[in-house]
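As a basis for the values below, the full set of heavy atoms in this structure was taken, side chains included, without hydrogen atoms, waters or symmetry mates. Position 1 is the first residue of the sequence; numbering continues from there.
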Amino acid sequence: MNKTKNYFSSLLFLASIMLGVTSFAATGSEKKGDQLYQLFDFVGAIKLYQSALEKEPDNLSVLQKIATCHRMMNNTIEMENWYGQIVKIDSAAPINKFYYAQALRSNEKYDDALRYYNEYKISSKDSRPLSIINGYKYIQKLQKGNPSVKVENLINANSAEMDFSPIGAMYISRSNYKGSGVKSASDKKTVNLKIYKSNYESGLNDWGKAEEAVLFNSNDYSVAHPAFSADDNILYFASDMKGGYGGTDLYRSVKTGGQWGTPENLGGEINTPGDEKFPYIAKDGTLYFASNGHYGLGGLDIYRVLVDKKTNKLGKVENLGAPFNSSKDDFGLIVAKDNQSGYFTSNRPGGLGSDDIYSWINQSVKLNVKVIDKITREIIVGADCKLICSADFKGNKKTDVSGQTEYTVLPDSRCTLKVGKAGYKAKIFSVNFKKESKELVVEMEKMNLEIKLEILVLNKATNQPIEGAQITVDSKNTTDKVNAQTDPEGKLLVAGIKPNNEYYVTVEKETGNPNAKYLTVKRDVSTMNVKAPAFLKEVVYLDLVEKNVAIKIDNIYYDLAKWDIRPSAAKELDKLVAILEDNPTIEIELSSHTDCRSSMAYNMKLSSQRAESAVRYITKQGIDPKRMIATGYGESKLINGCKCEGSVVSKCSEAEHQENRRTEFKILKF
């Protein structure tokens with residue numbers, strides 16, 4: 001910063017600035033340089049210090065004073081040079097690494113700056129580097145900034161001198177520096193700032209005498225850079241009063257009964273161990289300020305934070321990035337009523353003087369998106385909106401309580417807008433901008449939020465679809481019921497199935513033949529934990545059976561000479577139980593067969609016991625025993641030529657004998 005910006009609490013005692021410097025006997029040139037330094041004549045002081053350095057090239061004290069003078073004038077090129085020499089000296093205080101890093105950052109040597117910030121952090125308890133180090137990852141994003149903002153130097157308004165803080169209010173900051181002395185309640189000769197007020201006197205067509213405006217002005221600390229809320233009842237200002245977080249902090253005072261109340265520090269989210277200055281409150285309630293303590297591009301950067309108009313609660317601090325900020329000092333931002341233009345001050349390269357005033361204007365265009373229900377015309381809150389204008393511009397937002405959201409884009413942008421909301425069909429738009437802002441009303445159509453159930457009915461033997469199968473879908477929890485038939489593809493699509501419900505599905509098919517029938521199949525279908533919309537599918541196989549035609553039950557095995565139902569056999573008999581439950585009118589004969597081995601009488605008895613054992617098992621599952629006849633056929637109905645009675649010797653394999661050891665059922669009555 002230059003001399004004026006650094007007027008805040010500038011210590012005139014060099015010993016406090018040179019803390020940690022090795023002492024040398026001061027030469028005449030050095031002493032004269034100290035005197036000029038106390039008068040803020042840094043240029044003159046540097047000449048004398050350099051003269052002293054010629055006599056003692058290794059005098060760390062003089063090196064330190066030259067570097068400090070350049071730092072007070074914010075000459076970052078020279079700062080880099082002199083602090084670069086100092087950090088190579090082992091006896092130099094660690095603080096020099098911090099100042100060297102600051103100079104490197106202001107000269108856009110960010111990688112080198114990061115190195116020295118980290119080295120200083122290790123050697124010091126000073127917390128100033130922390131935010132800067134943590135924000136290093138944002139450097140490229142900040143440099144890119146907002147391309148829709150155009151910044152211009154106010155050539156006609158600027159001069160070769162310092163032009164800054166373009167605020168027209170007649171609350172002003174003024175120092176207590178008078179001639180060659182200062183007014184202070186302490187022993188230290190410290191230049192401080194106070195807030196003054198001047199009233200316009202219409203009779204004289206001029207401004208009256210400036211008088212102290214607040215009771216908390218002090219000779220011991222600075223109170224400066226006044227800014228007022230839209231209703232003029234809250235005063236924001238900067239001060240280095242005791243109890244702050246760093247060099248200068250931001251405060252606010254609330255007017256009560258015509259008097260400004262006790263200052264309130266804005267807290268550690270706003271204030272840092274560095275300096276926060278130049279507050280400004282825009283009409284929309286946004287607080288802008290400058291800081292060198294938050295992460296940024298270098299020097300003073302401009303930041304903003306939203307202030308809630310009702311609660312005065314402060315939001316999150318945001319760096320404005322380029323083109324508002326540069327690696328140099330950027331500060332004193334003000335915003336016009338349209339919130340799209342204004343001014344700020346910077347000493348960035350290319351200006352006419354040390355600090356120049358710049359104008360800025362936001363050339364962007366806006367897209368206002370409103371999302372409504374197409375049928376009811378009601379607003380839709382929380383709709384997901386995604387605007388894609390280029391590879392590096394992707395804006396994901398949600399509609400607010402008014403069903404709206406807004407995007408800011410560059411003129412002549414070609415964008416794609418995607419809008420989605422659970423329960424609605426997604427919509428995609430191409431949005432091309434010229435120079436004008438746009439409003440877009442998106443009408444969303446509700447999706448069918450039901451669950452659909454498709455039932456496919458196939459012939460179990462042929463795997464072919466069965467047309468005309470009668471299907472009943474019956475809700476367990478409601479009175480909903482569907483009766484319909486399958487189409488030529490064997491399908492039936494049932495809509496309106498509800499989530500978190502249980503359904504009975506019954507599938508039947510008549511043949512028109514009194515001696516042939518498709519066995520009815522019943523299924524349970526659950527939609528518990530199924531979220532709509534959803535598509536469920538059930539495949540049902542129907543058995544086409546005839547009266548008195550035996551149907552083999554597979555995998556019914558018994559231990560040798562035993563008739564007990566084994567667990568594996570029980571699983572197969574359960575399938576027959578399901579058939580009897582689904583077809584409550586049929587009556588069956590359940591028969592058991594043996595191979596030819598053992599005597600015919602023994603086999604007849606064994607098969608009868610096995611058939612009866614199977615019937616008893618089925619009865620225990622709840623089937624009426626009157627619907628079943630147990631018959632043992634022994635070896636009387638062999639299905640191959642494996643006979644072995646009397647003198648006949650069978651040459652059949654064990655597998656062939658197994659074919660004869662079987663359990664069957666046949667339907668006696670439909």
Nearest heavy-atom neighbours spanning [X] and [Y]:
X: Tyr117; Y: Arg105; answer: OH-NE, 3.0 Å
X: Ser413; Y: Leu410; answer: OG-O, 2.5 Å
X: Ser123; Y: Pro94; answer: OG-CB, 3.5 Å
X: Gly244; Y: Asn265; answer: CA-ND2, 3.9 Å
X: Ser91; Y: Leu60; answer: OG-CD2, 3.7 Å

inquiry  = Consider side chain to side chain donor-acceptor pair (under 3.5 Å). Of Glu78, Gln85, Glu80, which one does Trp82 pass it with?
reply    = Glu78

May I ask you to decide if [Y]'s main-chain N or O and [X]'s side chain share a donor-acceptor pair within less than 3.5 Å?
X: Asn292; Y: Asp275; answer: yes
X: Thr248; Y: Glu276; answer: yes
X: Tyr245; Y: Gly268; answer: yes
X: Thr345; Y: Ile357; answer: no
X: Asn217; Y: Lys194; answer: no
X: Ser253; Y: Gly261; answer: yes

Any non-hydrogen side-chain atom of [X] less than 4.5 Å from a side-chain atom of [Y]?
X: Asp400; Y: Thr405; answer: no
X: Leu287; Y: Leu266; answer: yes
X: Tyr83; Y: Ile95; answer: no
X: His225; Y: Tyr236; answer: no
X: Asn118; Y: Ile133; answer: yes
X: Thr68; Y: Ile66; answer: no
X: Leu314; Y: Glu269; answer: no
X: Arg71; Y: Tyr99; answer: yes

Ring pair (Phe, Tyr, Trp, His ring centres under 6.0 Å) with [X]: which residues, sequence neighbours excluded?
X: Tyr120; answer: Phe98
X: Tyr116; answer: Tyr100
X: Tyr138; answer: Tyr295

message = Quick check on Lys47: does its NZ atom have over 12 non-hydrogen neighbours (other residues, nucleotides or ligands) under 6.0 Å away?
response = no

query = Would you find more than 12 non-hydrogen atoms of other residues, nucleotides or ligands less than 6.0 Å from Leu215 atom CG?
reply = no

Working to the nearest 0.5 angstrom, can you tell me the gap between [X] [atom1] and [Y] [atom2]?
X: Leu39; Y: Asp34; atom1: CG; atom2: CG; value: 11.0 Å
X: Ile77; Y: Asn107; atom1: CD1; atom2: CG; value: 4.0 Å
X: Gln340; Y: Thr408; atom1: CD; atom2: OG1; value: 7.0 Å
X: Phe278; Y: Leu333; atom1: CZ; atom2: CG; value: 12.0 Å
X: Met79; Y: Met73; atom1: CE; atom2: CE; value: 10.5 Å
X: Ile46; Y: Tyr37; atom1: CD1; atom2: OH; value: 10.5 Å

query = Lys328: what forms a salt bridge (charged side-chain N to carboxylate O under 4.0 Å, His left out) with it, not counting sequence neighbours?
reply = none

key: Partners passing salt bridge (charged side-chain N to carboxylate O under 4.0 Å, His left out) against Lys438 (at least two apart in sequence or in another chain)   = none

inquiry  = Using the rule given for ring-ring contact (aromatic ring centres under 6.0 Å, His included), can you reason through Trp260 versus Tyr251, listing the C-alpha separation, both sets of side-chain angles and the distance that settles it, and then say yes or no?
reply    = CA-CA 12 Å; Trp260 294 108; Tyr251 293 79; over 10 Å; no

task = Identify whether NZ of Lys or CZ of Arg in Lys242 sits under 6.0 Å from the centre of the six-membered ring of Tyr221 and within 45° of that ring's axis.
result = no

Residues that Ser341 engages under side-chain hydrogen bond (donor to acceptor under 3.5 Å, both in side chains), provided they are two or more places apart = Asp338

Parallel, tilted or perpendicular: which describes the rings of [X] and [Y], with under 30° parallel and over 60° perpendicular?
X: Tyr303; Y: His294; answer: tilted
X: Phe216; Y: Phe237; answer: parallel
X: Tyr280; Y: Tyr288; answer: tilted

inquiry  = I'd like to know if Arg348 and Asp330 make a salt bridge, using a cut-off of under 4.0 Å between side-chain N and carboxylate O.
reply    = yes

request  = Verify ring-ring contact (aromatic ring centres under 6.0 Å, His included) between Tyr343 and Tyr358, making sure each step is shown before the conclusion.
outcome  = CA-CA 6 Å; Tyr343 303 91; Tyr358 290 80; over 10 Å; no

key: Trace of the salt bridge (Lys or Arg N to Asp or Glu O under 4.0 Å) decision for Lys150 with Glu152   = CA-CA 7 Å; Lys150 182 180 180 181; Glu152 291 184 341; 3.3 Å; yes

